[in-house]
Amino acid sequence: FQRAAVTLLSEIALRSPEWDFYSFSGPVTDEDRARGESFWRRPNLHKINRASAALRRFDIVHTATSTKQNAAAVTMARWRSRAHHLFTANTQINSSDPLVGHYEKMCKSADTVVAVSEAVAGDLKAQYGVEVDTIIPNGVDAERFDGVRDRPLPNHLEHLGGGYFVFVGTVERRKRPDVLAAVAAACPELRFVVAGGQRDAQLIAMLEEVPNVTNAGALARDELRDLLSRAAGLVFPSDLEGLPLAVIEAMAMGLPVIAQPSSSLPELVVEGETGFLEPADNIAGWAARVRQIASWSEAERAHSASKIRDRAVAKYSFDSIAAAYRKLYAEALD
């Protein structure tokens, strides 16, 4: 979830030159480090460390993760300058998450709580009694995830060619890579690619036993975009999602998405328009959907891609999402 949080806050800052932003967040990936050189040259963006943050006064402190460091920063900012705390809740409640206690405290103590989906808002109300102030979804950089088809693949992925189905996400049980493995086994004539962190060795070994599944590992965002540009669709069988960037970015690239009809996924995937919803235990249904997509003509594929991308940009572009947050910032200072 750190990627979603860092992406959200940095994209808001880039699109809000009238506000000064201060951050002690470090880069998550090598790609972040490379982009950071131009990011920190923006006149309204200021890099600070934790020590200097404790000495500075702020009007608003905006957090999107519930780490111990963020909790300490919020406490200090409110003690020193009575800063308004805005918290973006971007995950559904998972009792096995070691930070779940911090998440509850952050949601209950914030002055303004934003949920990224109806599913997250419903969880907060049902389990914590927290009423969110508004819902603002996660977003996509529509200029980077631009819908251009058949981009060149990174050198180490050139052998993939195109026309494959992509699974994007950390290889862990919640993401249901077992469903992908079963679908791939049921469709030996099609190819599937896994792109994501390698968390569970047992699940990774399971995937590697399926001959038509390629494990590409964790990719930088531009590498992921290029991989999506040559894909036929996204297979996303995850059980629990706040509002997944992987799905939004795939839609911005014009890809149809096959997902479960659970959690926040029906908020993203419109049956028959932007993809299909299938229960995790209906492997035959998943197999039928990937075969259906694979059989589309070039004209059908182009028509579908245009509709899917248009919807993604209209609903999830960071331009509109940043504007919604700027409105909240202004209201907090009234």
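- For the 3.5 Å distance criterion, the side chains of Thr63 and His85 qualify, holding a donor opposite an acceptor.
- The CZ atom of Arg225 lies 8.0 Å from the OG atom of Ser229; values are rounded to the nearest 0.5 Å.
- Remark: side-chain polar atoms of Arg191 are not paired, donor with acceptor, to backbone N or O of Thr214 under 3.5 angstrom.
- You'll find the side chain of Phe21 reaches within 4.5 Å of the side chain of Ser16, heavy atoms only.
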Phe236/Val166 under side-chain contact (heavy atoms from CB on, under 4.5 Å): CA gap, chis, key distance, verdict: CA-CA 8 Å; Phe236 198 83; Val166 181; over 6 Å; no
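- Ring orientation note: the planes of His46 and Tyr22 are close to parallel, at an angle under 30° on the 30°/60° scale.
- A continuous path of ILVMFWY side-chain contacts below 4.5 Å connects Trp40 to Ile12, so both sit in one hydrophobic cluster.
- Counting all heavy atoms, side chain and backbone alike, His159 lies closest to His156 at CE1-O, 3.3 Å.
- Not a single donor-acceptor pair under 3.5 Å links the side chain of Asp111 to the backbone N or O of His84.
- The distance from atom OG of Ser10 to atom CG of Leu14, rounded to the nearest 0.5 Å, is 6.0 Å.
- Across all their heavy atoms, Gly242 and Ser117 have their closest contact at O-OG, 2.7 Å.
- The backbone N or O of Arg15 sits less than 3.5 Å from a side-chain atom of Arg326, completing a donor-acceptor pair.
- The shortest distance between side-chain heavy atoms of Glu267 and Pro137 does not fall below 4.5 Å.
- A donor-acceptor pair is defined here as one N or O able to donate and one able to accept, closer than 3.5 Å; no such pair exists between the side chain of Ser306 and the backbone of Ala302.
- Within a 6.0 Å radius of CD in Glu143, other residues, nucleotides and ligands contribute 12 heavy atoms or fewer.
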His102 and Met106: side-chain contact (heavy atoms from CB on, under 4.5 Å), yes or no, with the steps? CA-CA 6 Å; His102 293 290; Met106 197 78 81; 6.0 Å; no
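- Between Lys175 and Glu241, the closest side-chain pair of non-hydrogen atoms falls below 4.5 Å.
- Contact check on Glu278 versus Arg176 returns no salt bridge, with no Lys/Arg side-chain nitrogen under 4.0 Å from an Asp/Glu carboxylate oxygen.
- Looking only at atom types and distance, the side chain of Thr88 has a donor-acceptor partner in the side chain of Tyr325 under 3.5 Å away.
- The backbone N or O of Glu300 sits nowhere less than 3.5 Å from a side-chain atom of Ser304 that would complete a donor-acceptor pair.
- Closest non-hydrogen pair, Ala13 versus Leu45, comes out as CB-CD2, 3.4 Å.
- Under the 4.5 Å side-chain heavy-atom criterion for grouping Ile, Leu, Val, Met, Phe, Trp and Tyr, Trp19 is connected to Phe39 within one hydrophobic cluster.
- Of all heavy-atom pairs spanning Pro244 and Ser264, the tightest one is CD-OG, 3.8 Å.
- With values rounded to the nearest 0.5 angstrom, Phe58 atom CZ is found 11.0 Å from Met76 atom CE.
- No side-chain heavy atom of Glu104 sits under 4.5 Å from any side-chain heavy atom of Gln127.
- Just one of Val116, Val113, Val120 meets the side chain to side chain contact (heavy atoms under 4.5 Å, CB included) condition when paired with Val132; it is Val113.
- Separation of atoms CG (Leu8) and CD1 (Ile321) is listed at 7.5 Å; rounding is to 0.5 Å.
- You'll find the side chain of Tyr329 reaches within 4.5 Å of the side chain of Leu86, heavy atoms only.
- At a threshold of 4.5 Å between non-hydrogen side-chain atoms, the residues Tyr316 and Leu245 do not count as touching.
- Criterion: ILVMFWY side-chain heavy atoms under 4.5 Å apart, direct or through other members. Under it, Ile248 and Val313 are not part of a common hydrophobic cluster.
- We find the CD-CD distance between Glu271 and Glu273 to be 9.5 Å, quoted to the nearest 0.5 Å.
- By the criterion of side-chain heavy atoms lying less than 4.5 angstrom apart, applied directly or through intervening Ile, Leu, Val, Met, Phe, Trp or Tyr residues, Trp79 is not grouped with Ile48; the two fall into different hydrophobic clusters.
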Test side-chain contact (heavy atoms from CB on, under 4.5 Å) on Leu243 and Leu268 and set out the steps. CA-CA 8 Å; Leu243 200 74; Leu268 288 170; 3.7 Å; yes
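- Grouping Ile, Leu, Val, Met, Phe, Trp and Tyr by side-chain contacts under 4.5 Å, direct or through others, puts Phe192 with Phe165, Phe167, Val171, Val179, Leu180, Val183, Leu190, Val194, Leu203, Ile204, Met206, Leu207, Val210, Val213, Val235, Ile258, Phe276, Ile283, Trp286, Val290, Ile293, Trp296.
- Counting heavy-atom neighbours within 6.0 Å of Arg199 CZ, excluding the residue itself, gives a total of 12 or less.
- Between Phe145 and Val140, the closest heavy-atom pair is CB-CG2, 3.9 Å.
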CA sep, side-chain torsions, deciding dist, call: Asn138, Thr7, side-chain contact (heavy atoms from CB on, under 4.5 Å): CA-CA 9 Å; Asn138 285 327; Thr7 299; over 6 Å; no
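- When every heavy atom of Leu227 is checked against every heavy atom of Ala195, the shortest pair comes out as CD2-CB, 3.9 Å.
- Judged purely by atom type and a 3.5 angstrom limit, Arg309 uses its side chain to pair as donor or acceptor with the backbone of Ala252.
- The 12-atom threshold is not exceeded at CD of Gln202, counting heavy atoms of other residues, nucleotides or ligands nearer than 6.0 Å.
- Between the side chain of Arg57 and the backbone N or O of Arg80 there is at least one donor-acceptor pair closer than 3.5 Å.
- One distance of note links CD of Gln260 with CG of Leu265; it measures 7.5 Å at 0.5 Å rounding.
- Ion pairing between Glu249 and Arg144 fails under the 4.0 Å rule for side-chain N and carboxylate O.
- Between Arg151 and Glu223 there is no salt bridge, since none of the side-chain N atoms of the basic residue sits less than 4.0 Å from a carboxylate O of the acidic one.
- Neither side chain, Asp133 nor Thr112, offers a donor N or O lying under 3.5 Å from an acceptor on the other.
- Considering only heavy atoms from C-beta on, Leu328 comes within 4.5 Å of Ile136 through its side chain.
- For the pair Glu208 and Asn215, the minimum side-chain heavy-atom distance is below 4.5 Å.
- By the side chain to side chain donor-acceptor pair (under 3.5 Å) test, Arg149 pairs with no residue at all, sequence neighbours left out.
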